Amino acid sequence: MEETELALLLAENGGSIASLRKYDSQAKSPDVKDVNTPDNWVARHPNLVRLTGTHPFNCEPDLKTLEESGDVTPASLHFVRNHGAVPNLTWDAHRIVVEDWSSTSSSSSSSLKPKKPKKSKTFTMKDICALPKVTKPVLLVCAGNRRKEQNMRKKTIGFNWGAAGLSNSLWTGAPLREVLFKLGVKEPKEGLFVCFEGPERELPKGELGTYGTSIPLHKALDPSQDVMIAYMQNGEKLKPDHGFPVRLIIPGYIGGRMIKWLSKITITYKESDNFYHFRDNRILPPHVDEKLADSENWWEKPEYIFNELNINSAVTSPAHGEHIRCNYELNSDEKEYLVKGYAYTGGGRKITRCEISLNGGYTWELCDIHRPSKPTAYGKHWTWVKFSKLVERSRLVESSEIICRAWDEANNTQPRDLTWNLMGMGNNPQFRVKTSEVEFLGKRFVRCEHPTEPGTLKGGWMGHTAGEWEPVIEQLDGQREGEEIDLTLRSAAAKQTREIASVVGASNVVEGVKPPPSEEQKRTESPISIIPADAKYYTEEEVAKHNSEDDCWIIVKGKVYDTNAYLKEGLHPGGNASITMNAGEDTTEDFEAVHSAKAWKQLEPYYIGEVGVKPSSSSLSDVTNLVASGVGEVVKEVVEEEKNKKKVYPPTPTTGNVDLVKHWQENKDVYGDIVLGEEAEALAFDRMWAGASHPVDDAKNPLGCSPKKWIPLKIEKKVPLSHDCVLLRLQLESPEHQVGIPVGQHLYLRGEWKGRKVMRAYTPSSLNGTLGAVEFVIKIYFSGANESYPEGGALTQYLNQLNEGDTIDVKGPIGHIVYENGGKLIIDKKVRANPVKKMTLMGGGTGVAPMLQLIVAILSDPTDETEIVFIYANKSEKDVLLKYTLDRLEREHPKRFRMHYLISKAVDKSYESDIAKGRMQVGRISKKIIGLHGFDTSKDGTSVAVMCGPPAFEEDACIPALKELGFMDEDIIRY
Ligand code: HEM
């Protein structure tokens, strides 16, 4: 299409060439994720959220990006729903076969197949382009848009679409009726349908054949319906993911009906009998589960089919995770916040109003509506509308949620509550963004949460009850050093949410759904939740050997499956490639995200054993239980034997304002007379220092950790350094082993606490040269110790209750920064042009760990002339970690290293003298403080600022201040 024509069309529909180009130019081929897939020739935008693992490609854009990209969505950001590999078609060779089978009478038995069509014609792309050309703005919406909310309630047959499964484009093509006219069809005839099919090879191998659907002939011929065979999107030929060279567009219908790579059109007396027409897109009543749907054949009941879109809306601003500044002292033009969102409905109806409520739906406020496109000549509205409403920030503070809903010209509106349906289609309850007030560094924010985040992303208020909140809260407390990642599968979160929902909410009862927890349990714990007595055990390395298309084992939830027999059948709905791509690996997260109870059941026959090492004998606690239940003398002997082997530690305190040093002192009989607190820190310092200056020879000192697999390391020493901080010394395989961690990188530790699997990146306090061991300083977040995060930190509490002799799983190193002595800084594998000479380090809370690693690496090398200032921020004096170590480093290296402590609040007098000397001050990070204590900027990139702390610390405090001080983006480095 001519650029001027396109520019004009875009301008008429709220779009611009600049916006399209900006995003489309970022699409690359192949995307790194596609390298080993059949789609390795397709260009894709790197920021799309993949919803079904690597392959097949199903994605949606980030909701905020979708908002920012404007009213006409760039093709590269358009959501994608693929069932298999993208067909690699060519413009010249592609054909659409059109046949008219309508001479077959409707009354004749369907088994009597006519021999040949009444008429038939084959269209090339040239033929299609020769037909009258139209361009229409049409919104495409995936029938599963917002499905993840349904999955959080109870797993549907379908994967996790967030609220960005929709996109608006200008589609150019030939009206379908023009194609039908060429076949001699003149007017609608009752009872006739037009059926459509994609190419044979689109779907994964198997019984399912092509992807197809149908519409009544009268709709196909009706000029007001604008049904079109489109070969251009936003003025360019279709992209492969969107149906190149040609696809169907049925405005006002769900996206699932708009067949891509259109290959066949047939006029028949029968609605399409394609699997996807009947089974894939339907909204069943909430009591119908998979079993009932099969036994009572709900799949065939015509009234539940989902064709025309239902009404829906969602909030796009605030985005999920957005923190809205809401200090009352803000000047007047910042007192308001613009809430924004989208709304759409089906059938070409007009959206007549959009509303938000800030009081739980008690009252509603009208929003402004922006309509990017005019209605068609027949008064049809085929696109979305955008709504917005200015609200005072103070009202957001008072409210606990922002709810939105839309109305259309038929006075349809969105229901208050979610109604679950087996396929999770058409989910459209009022969209709720939960808000809560948080304070950070003296500033007040409203933190916003959407119900869910797409795919396997963990955020959203619907997952709260399983504790997804903690990592965020911990970050706000200055906890972050890498973030805690919740490995607990979403289903566990969902399960708990549902359990609570079924107790608290009447909504299930209203819907007639029986509370489902046991079913959910069955789904994810099936097939083999109990380890069979004769179970075989495989190490991760053994499983990893079965990593090819011909020999494919996978791990799901700690269990090993040999999928070879299943692959041979070739019936996997996601295609064999989606399984073989994970050969030899743990695929739990993707498997969980995609599959229904049926798939879990189908997995069962392929179980071959457990991951791990077979337990040698029953564990101590099991045996103790047996003794308690009076099993007898033999068992007692075993207990004695076990006891002799392993020290029995007193239960580690877990709740409240615990003092770990006191606990150790009170249990000297078990722990022995060991050095604690500052003295223990002093010993650790010596070891760290010795290790830092010790050369490592890769040939002699094998690596003790791996970035590819978890290695269980034994706890050799556990010593409290302060009331809530312990030093863990983990033993490597031999005294010759090195941990293998470059300066600037961290290691993951993982564990399980109260049913939640969590992992988190920690920087060791020892360096590579500390042979035979690796040490970590861990701050424990006890439950009940802080009222704003009452459940405490999951991983830290897990680590706290482990004792000497236990093992911890470690993986790594990971990280995007590497420091090599002499000021060589490598970020994302790129060496900075000039060596660094001055470093202003800023850390919050446990963000001290990576800073310490860097400081020790620099100071222990007498030839490294880099100068360092470390501004270390904490809540109060007692939260300052590793003070002995930091002070000593400053004392011993006054020319190269300077410390400055910041505390938000002085609560005791422990560091009065530091305050008096001006090296500790009450205050928060600011331009003034960095300006006063940090280094100046440099023009040649030799002065850098490095930070590690909670996001708000970095984004709202450090970075703006550094920018004001003149630091360039490339000289501001975040861990
Ligand atoms: C023996 C192992 C497996 C079995 C028995 C199995 C079974 C199934 C079943 C029955 C479905 C249809 C949807 C449903 O009922 O849940 C499905 C869909 C799917 N599976 Fe699997 N699956 C297996 C392994 C995997 C693996 C390892 C992956 C990749 C992580 C995967 C990715 C997918 C995808 C992407 C779909 C969706 C296809 C679509 O709707 O486009 N599957 N699978």
Side-chain angles (χ1 to χ4, degrees), residues 33-34 36-39 50-60 79-86 142-144 147 150-151 154-161 165 198 202-208 211 241 255-256 260 275-276 279-281 289-291 293-294 299 422-425 455-456 489 491 520 522-524 526-528 543 546-547 549 551-557 559-608:
K33 291 219 173 90
D34 291 323
N36 296 318
T37 78
D39 292 350
R50 291 191 184 226
L51 307 173
T52 53
T54 310
H55 185 81
F57 184 61
N58 290 292
C59 73
E60 67 180 67
F79 77 89
V80 179
R81 174 72 177 105
N82 288 345
H83 292 83
V86 176
C142 179
R147 183 191 284 134
Q150 296 247 329
N151 280 340
K154 176 177 166 186
K155 183 77 179 79
T156 65
I157 309 179
F159 52 83
N160 291 325
W161 287 97
E202 175 203 351
L203 298 173
K205 262 199 263 168
E207 71 211 357
L208 305 176
Y211 190 96
D241 270 327
K260 299 196 277 192
F275 175 93
Y276 288 94
R279 285 201 55 147
D280 195 31
N281 292 301
D289 61 12
E290 259 175 303
K291 232 161 123 192
D294 286 339
W299 303 115
L422 179 58
M423 309 218 63
M425 298 274 176
T456 51
L489 301 157
S491 60
E520 171 65 8
K522 265 194 250 146
R523 186 180 81 81
T524 58
S526 159
I528 302 124
V543 179
H546 303 266
N547 60 355
E549 280 175 27
D551 180 14
C552 170
W553 290 10
I554 54 170
I555 300 172
V556 182
K557 290 194 96 177
K559 294 176 189 300
V560 185
Y561 299 89
D562 175 347
T563 64
N564 292 320
Y566 183 68
L567 290 168
K568 267 207 191 100
E569 288 173 32
L571 292 178
H572 181 232
N576 276 6
S578 59
I579 303 180
T580 53
M581 210 156 279
N582 293 288
E585 285 176 16
D586 191 327
T587 170
T588 306
E589 194 167 317
D590 286 345
F591 194 96
E592 276 263 324
V594 175
H595 293 102
S596 66
K598 184 172 104 196
W600 282 91
K601 197 93 198 110
Q602 285 185 5
L603 184 63
E604 202 166 331
Y606 309 104
Y607 168 80
I608 52 167

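What you see is a predicted model, and the numbers here were worked out from it, not measured in a lab. Each ligand, and each atom within it, is numbered from 1 in the order the structure gives.
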Practice problem: Kindly state whether the ring of Y606 and the ring of W553 have centres lying under 6.0 angstrom apart. | Solution: no

Practice problem: Test N82 against every option in N58, D241, T52 by the side chain to side chain donor-acceptor pair (under 3.5 Å) rule and name the one that passes. | Solution: D241

Exercise. Name the orientation class of the two ring planes belonging to F79 and W161 (parallel below 30°, tilted from 30 to 60°, perpendicular beyond 60°).
Key: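 Rings of F79 and W161: perpendicular, over 60°.
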
Given 3.5 Å as the limit, does a donor-acceptor pair link the side chain of [X] with the main chain of [Y], or not?
X    : Y    : answer
D39  : V86  : yes
R147 : G424 : yes
N576 : G570 : no
D551 : N547 : no

Practice problem: Inspect the contact between R50 and D34 and indicate whether a charged nitrogen and a carboxylate oxygen are less than 4.0 angstrom apart. | Solution: yes

Quiz item: Can Q150 and T156 be counted as having a side-chain donor-acceptor contact under 3.5 angstrom?
Solution: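 No donor-acceptor contact under 3.5 Å links the two side chains.
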
Quiz item: Where is the nearest protein heavy atom to atom 13 (C) of ligand 1: which residue, which atom, and how far?
Solution: I157 CG2, 4.3 Å

Exercise. Below 4.0 angstrom from a heavy atom of D590, which ligand 1 atoms are there? Numbered from 1 as shown, please.
Key: 30 (C)

Self-check item: Close-contact set for ligand 1 against N582 heavy atoms, below 4.0 Å
Solution: 29 (C), 30 (C)

Quiz item: Would you say E290 has any N or O atom under 3.5 Å from an N or O of ligand 1, going by distance alone?
Solution: no

Quiz item: Under 2.8 Å from atom 21 (Fe) of ligand 1, which protein N/O/S atoms are there?
Solution: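 Near atom 21 (Fe) of ligand 1, the protein supplies H572 NE2, H595 NE2.
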
Consider ligand 1: state whether an atom of it lies below 4.0 angstrom from any non-hydrogen atom of [X].
X   : value
R81 : yes
P56 : yes
N82 : yes

Practice problem: Run down the list W600, Y276, Y566 and name the one with the heavy atom closest to atom 4 (C) of ligand 1. | Solution: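 Looking at heavy atoms only, Y566 sits closest to atom 4 (C) of ligand 1.
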
